[in-house]
Protein chains: 2
Amino acid sequence: MSATLADIARATGSSISTVSRVLSNSPAANRISRETRIKIAQAAEQLGYRPNLLARSLRTRKTNTVAVMVSDIANPWFGRMASLIEQNLHRRGYSLIVCNSGEQAELEQEYLRLLPQKGIDGLIVVPITTDREKLCHHLPPGLALVVLDRPVEGVPASVSTDQQQAATLLCRELERIGARRVALVRGPEHVSTHRMRGEAVKRHFDVLVDHVGAAQLETGHAAWSEIARTSPDAIVCTNNFLGQGLMEAMAQSNSRLPIGCFDEITALDLLSVPLVSCVQNVPLMAERAVEMLLCQLQGRKLPAEQKISAQVVSNREFKALFPR
Amino acid sequence: MSATLADIARATGSSISTVSRVLSNSPAANRISRETRIKIAQAAEQLGYRPNLLARSLRTRKTNTVAVMVSDIANPWFGRMASLIEQNLHRRGYSLIVCNSGEQAELEQEYLRLLPQKGIDGLIVVPITTDREKLCHHLPPGLALVVLDRPVEGVPASVSTDQQQAATLLCRELERIGARRVALVRGPEHVSTHRMRGEAVKRHFDVLVDHVGAAQLETGHAAWSEIARTSPDAIVCTNNFLGQGLMEAMAQSNSRLPIGCFDEITALDLLSVPLVSCVQNVPLMAERAVEMLLCQLQGRKLPAEQKISAQVVSNREFKALFPR
DNA sequence: TTGTACGCGTTATCAG
DNA sequence: CTGATAACGCGTACAA
């Protein structure tokens, strides 16, 4: 076990409180004689003292830790997001713990209950549930909360992409190349991003095939075997995993159907299919989310809900086939 | 604030100890009368009691939490790994916190110091440092520790891919297609996986270009501008990010140089370049890592260091150009 | 400038 | 079967 305040007090012949004052450099630390201060510091150094953060937090009710709960850490999009949030927070003296709800409502609930018990000051969450009540039920009232990527009615601190703008951008690009009838591969209805993207597609196009499933590669695979029997002008996928899965399956055939995909696809320009992708501004989202969290932690005024705009990027194949 | 044991004791007219016994279903809970037991349970339910895990851990010195520290959570490989570890641990009643060292030695040290202070029962780490002393210096002696992916001399609990076998597999495949002189794009020397892979390549081939940098897309980009001026028979990248970056840059040209890449590349078959990739068995690694951690947590005998073998997978383009 | 005493919420020991 | 009481390690009002 690590040395405690008591150990140091004993070693230096001072009292626990004095040691505490010095080592936690509290405001009262200045009012302590230079000599005892360095004597204590030396002893601490020598004994390898590490404050027990559990005990400290129990006492102060602050942990200097925030959690981010993402819906699928295996998805590179969330990985990037987590990484950027970590960097932003670390710069501000907070440490981050990442939780993975794996897109399972029960697991989300479990973590929502567990995290406050373990002690966190704030939470950034990509929620599964769309219900404010369910989301906040187990959270202590004071907890700083930011919802990310998927706004929840009634939660003021919210950072997300403007899905209307994003979807319009993508659909316009597909309309430009003459698409009228499309196949749609989309994630679960109850996830707002997938739903809004899907709805936008339905507004713009005649949807020949509407394949719904978990936002995983496998759904993309399955979708292709359904789509292959039809002949749409293009295929739209509501996220990167769906797009990747679809393309993996397509690769077995020789289809060159144009694809519109929400979220980033790696090595875009190396793909042999024409692809236009609608990418979100992940770094900006991460920054804003941390900012909104810190506003709450520091009692500053919360800025308005953040709607961040997206961009479309098309690959070489796409540009070659459909020049402007 | 949440209700405490004292609140419930007051509400039910029993003592704190009794309430504790019931609510923490300790072994002594059986020896408590049925009626007070349900009375307490009801009060707890009604008051919305949640045990303060900080306090509990302070007392019991157990947190039921393990941490996994990866070197780059933005890399899908680590994301997948983290996700699988999470699932394995959750099944066993542990909750997971993920830390990201971002391949920075100082940040790793910081977390290494911080995590035990925050209270964890075990740690699975993909280490930056190769020095056992540095790795364990700040860790309490009793802490369960597993090193993952990058073995560290002197740490018995270790799960990693057999890099010799993996590298040989990949090199043989490139030799088969006639490669003799290759360009090498590799990550930092001090990371064992990159180093071992690179060394194996140097043993098998004549290395025309040897580009070293951080294991990020940008290094791959930069490498291509160097490689493009030469004419190797093939290019080898020591991880997925390097491979992706390289290919992104290659896509601007029309090169069809064969690529050998360690780690998984998404949508392999859609790439227009011939590619053979050497993939690790991530699910098995995750399972073994958790298993070794639990051995330590439960005081069971530790199995031998795990060396897990890899496979090569080539894409359509590669198979078409170089049939067996 | 420093020490005393108490409390944060739990669990564990011991007595009855 | 149950209730005091003492820790766990730390911060802090209050007193000296």
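Residue numbering restarts at 1 for every chain, and letters A, B, ... go by the order of the sequence lines.
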Interatomic distance where [atom1] belongs to [X] and [atom2] belongs to [N] [whole Å]:
{"X": "A/I8", "N": "D/dG9", "atom1": "CD1", "atom2": "P", "value": "13 Å"}
{"X": "B/E35", "N": "D/dC1", "atom1": "CD", "atom2": "P", "value": "10 Å"}
{"X": "A/L53", "N": "D/dC8", "atom1": "CG", "atom2": "P", "value": "18 Å"}
{"X": "A/K62", "N": "D/dC10", "atom1": "NZ", "atom2": "P", "value": "20 Å"}
{"X": "A/D7", "N": "D/dC10", "atom1": "CG", "atom2": "C1'", "value": "13 Å"}
{"X": "A/R31", "N": "D/dA13", "atom1": "CZ", "atom2": "P", "value": "13 Å"}

[Y] backbone acceptor or donor facing [X] side chain under 3.5 Å:
{"X": "B/R113", "Y": "B/H138", "value": "no"}
{"X": "A/S160", "Y": "A/K307", "value": "no"}
{"X": "B/E103", "Y": "B/A215", "value": "no"}
{"X": "A/S20", "Y": "A/I16", "value": "no"}

Run the side-chain hydrogen bond (donor to acceptor under 3.5 Å, both in side chains) check on B/R150 and B/S71 step by step: do they pass?
CA-CA 11 Å; B/R150 307 171 182 176; B/S71 61; 3.2 Å; yes
Per-nt protein contacts along nucleotides 6-16 of chain C (heavy atom under 4.0 Å; B base, S backbone sugar-phosphate only, - none) come out as -BBBBBBB---
Touch class at under 4.0 angstrom, heavy-atom based, for A/S57 against every strand present:
nothing
Which part of the nucleic acid, if any, lies within contact of A/G119, taking any heavy atom under 4.0 Å across all strands shown: a base, the sugar-phosphate backbone alone, or nothing?
nothing
Show me, pair by pair, the donor-acceptor contacts under 3.5 angstrom made by side chains of residues 85-99 of chain A, not counting sequence neighbours?
from: A/E86; atom 1: OE2; to: B/Y111; atom 2: OH; distance (Å): 2.6
from: A/Q87; atom 1: NE2; to: A/S83; atom 2: OG; distance (Å): 3.4
from: A/N88; atom 1: OD1; to: A/R91; atom 2: NH1; distance (Å): 3.2
from: A/N88; atom 1: ND2; to: A/L84; atom 2: O; distance (Å): 3.2
from: A/H90; atom 1: NE2; to: B/E110; atom 2: OE1; distance (Å): 3.2
from: A/H90; atom 1: NE2; to: B/E110; atom 2: OE2; distance (Å): 2.9
from: A/S95; atom 1: OG; to: B/K118; atom 2: NZ; distance (Å): 3.1

Are B/T18 and D/dT2 close enough that a side-chain N or O sits under 4.0 Å from OP1 or OP2?
no
